[in-house]
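As structure tokens, the structure follows; a few thoughts come after it.
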There are 2 protein chains.
Amino acid sequence: MSEKVKKRTLILDIANHLEVSIATVSLVLNGKAKQSRISDAVAQRVLAYVNEVGYKPNHIAKSLRTGKTHVIGLVVEDISNPFFATVAWMIERQAFERGYRIIYCSTDNNPEKARELLTMFHERHVDGYIIVPSEGIEEEVTNILREHTPTVLFDRFLPNLPTNYVIVDGAQGTYQATLHLLAQGFSRVAFVTTDSVQTQMEARLDGYTKALAEQAMAPKVRRLAVTKDTEKVIADIQEFLQANPEIDALIFSTNYLSIYGLEAIARLKMRIPDDVAVISYDDHDLFRLYTPAITVIAQPIESIARNVIDILLDELKHPHAKDTSLPQQILLQTELVVRQSSIRKKAKTTVVRKKTLHS
Amino acid sequence: MSEKVKKRTLILDIANHLEVSIATVSLVLNGKAKQSRISDAVAQRVLAYVNEVGYKPNHIAKSLRTGKTHVIGLVVEDISNPFFATVAWMIERQAFERGYRIIYCSTDNNPEKARELLTMFHERHVDGYIIVPSEGIEEEVTNILREHTPTVLFDRFLPNLPTNYVIVDGAQGTYQATLHLLAQGFSRVAFVTTDSVQTQMEARLDGYTKALAEQAMAPKVRRLAVTKDTEKVIADIQEFLQANPEIDALIFSTNYLSIYGLEAIARLKMRIPDDVAVISYDDHDLFRLYTPAITVIAQPIESIARNVIDILLDELKHPHAKDTSLPQQILLQTELVVRQSSIRKKAKTTVVRKKTLHS
DNA sequence: ACAATCCACTAAAACCATTTAGGAAGCCTG
DNA sequence: CAGGCTTCCTAAATGGTTTTAGTGGATTGT
């Protein structure tokens, strides 16, 4: 009956016990003892007792009063993609240490869902946003900017919006990869990408075409519709390879396209790199372990995470007056990690044997 | 100067505009119009206007008042592990549809961190917990149970605590896998696992030893210290294989151990399954695509997620009186997905060739 | 015709903290 | 000794909602 309900300790309990006011306790707890001229003696007493009973202010009440939630909303394309998962994880780590929590969701590149998530974050009063923008969410992002909520985009950006962002120089990456393939003696290098027109994808394509253009070679590009239907994508790649037998090297513009590509190549019983060389944009566990190991254009994941979180936390700490400060826009470099899949075996001989194989 | 600050609409604004009380608006919005005998006419007016101006109640104020945050805390071992990532993602999806948000963090199997996360979730007033318990957090979980916050464990459980949980019959899985290897003619089957004594790991080991015991065969087990140092783990496996050349088949107790194992096997220039057959507990993209494809004991990921979220949401909806209801404890079955890595090629002949290779 | 019941709402407390304006007490100063 | 300064704290407003207890007037019952 007289169930003794162990109530959470409140700031009022602290104040009552110490026979001071609520305000005093709160001020001490928020480090404003000095500026509010609370005597050291009282401050010490408060701290000691708070510590003793392990009182923690109610976060929700605090948020309601201050308008700060200490939560950052993170919107990525697909959290199960190792690239995003790793960046997210690093961001979470950093943020955690500085007292911020991350709440993350995937858009699956669906603008509808992206919009939903953004409004949900807004409703939840997140203090800041980290966004991998899918197409068609300019309006929502504009709204966020208008409210001056700190925001950083990464992986890609929205060309018409003056936002902070951290991106990777994909053009340079694919340019370098293409030259590498040509230097290895592959002469028919094709590029497989998605039908997305997002900035990062266009850049990757540009690097490839630029490299070929410099050699006065014609590009061979296949744009695939991104779809949930794995089999469809694999079949498309198979079809592309069969329709263009002259291709002797492939660059895939994302890690998951590469994985489908490897499957397609395996099904066609083609061999890497003898029948076709392969380079993937963006690394993956699989590529290190695959036989042969797959050459990749690696993105500086750690650096991306660090830059994103630094910019965001900086803005959270120093709320910049409206438009006085320009957005920070950072471009990071890729690294070509050469593995067996793009190395021509034993020079000329191999070429001969390869021709034999084909006949 | 007279910067027009667009204030968020409040329930008070709605009430003023419609010339009704705040209470009326709130009751209508919370579907309590009928039971509070608000006339349909008024209810309609409220709804219409709320819709028109797109008013959304302030979540934080709501939480403060009701004590409900509609947030579920999800603690996994490692969110970058595809198994956990996939389960998390499915749970998130389901929860989202039913109005709950997930906030997740990884413990990296570090009890210290697990405790930190749990108290953080507690401070944030999550409505429910989903936990992959690492060792040594019985006390924290007990605290949670005492407060009657709905909680579900998965992947493993805490034997002494009467909690809900959803686990997989790992013993059955490894038992079946071992028999499969024996049936294929492999006679020296070893088992590589971690030094963890968590329930799920012990079960997997038990299945293996039981299968061998039934054949009156001696088990060969290697327990590896789980460490961040990838190279160390790979080296350990190499060493194990070299020290025990008679081994002709390996079962790894987790997907990441298998990945290290594949690397070790590759470095020793051993061939799968000719020199050693391989089965992994838990599937991974890599295993489908690896050459040869790796046989796995697959966990019913979708079913795990569904059961977890169903149990949790059910408890959230019907707050069970203290201890009237027994915890729900669910055991799901694995599926052996046979791929090339555990299939003996061309019967006897292969054995002979293998011996030659070894000499 | 007077009490009891309904009806359709509303006033105000509660949730738990932060923060500002100001107040009491003691000391100094001229 | 009145007025001004400090020093150290506190009362009360504030944030935005939910929910309980009630209210005033109309209707019904006897």
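Within every chain, numbering begins at 1; the chains are lettered A, B, ... in the order of the sequence lines, protein sequences first and strands thereafter. Quantities reported herein were computed from a predicted structural model and do not represent experimental measurements. Reckoned from all heavy atoms, side chains included, excluding hydrogens, waters and symmetry mates.
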Q. Closer to the 5' end of DNA chain C via nearest nucleotide, is it A61(B) or A23(B)?
A. A23(B)

Q: Specify the residue among I11(B) and L27(A) whose closest nucleotide of DNA chain D lies further upstream toward the 5′ end.
A: L27(A)

Q | Note: E77(B)-R156(B) ion pair, threshold 4.0 Å (strictly below) | A |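 Answer for the salt bridge query: yes.
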
Q. Is E302(B) salt-bridged to R306(B), going by a charged N under 4.0 Å from an acidic O?
A. yes

(Q) At 4.0 Å (heavy atoms only), tell me whether S36(B) reaches a base, stays on the sugar-phosphate, or touches nothing. (A) base

Q: For T66(A), report the nucleic acid contact type (base, sugar-phosphate, nothing); a contact means any heavy atom under 4.0 Å.
A: sugar-phosphate

[X] side chain near [N] phosphate (N/O to OP1/OP2, under 4.0 Å):
{"X": "S39(A)", "N": "dC9(D)", "answer": "yes"}
{"X": "T24(B)", "N": "dT10(C)", "answer": "yes"}
{"X": "Y55(B)", "N": "dT17(D)", "answer": "yes"}
{"X": "K32(A)", "N": "dT19(C)", "answer": "yes"}
{"X": "N30(B)", "N": "dT18(D)", "answer": "yes"}

Q. Among R101(B), K56(B), R8(B), which residue meets the salt bridge (charged side-chain N to carboxylate O under 4.0 Å, His left out) test with E123(A)?
A.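 By the salt bridge (charged side-chain N to carboxylate O under 4.0 Å, His left out) criterion, E123(A) pairs with just one of R101(B), K56(B), R8(B): K56(B).
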
Q) Under 4.5 Å between any side-chain heavy atoms of R115(A) and E139(A), yes or no? A)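 The answer is no, as the side chains (C-beta and beyond) never meet within the 4.5 Å cut-off.
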
Q) Could one point to a donor on the side chain of R37(A) or the base of dT7(D) with an acceptor on the other under 3.5 Å away? A) no

Q) Of all the nucleotides listed (dT10(D), dA17(C), dG16(D)), which has the minimum atom distance to the side chain of L10(B)? A) dG16(D)

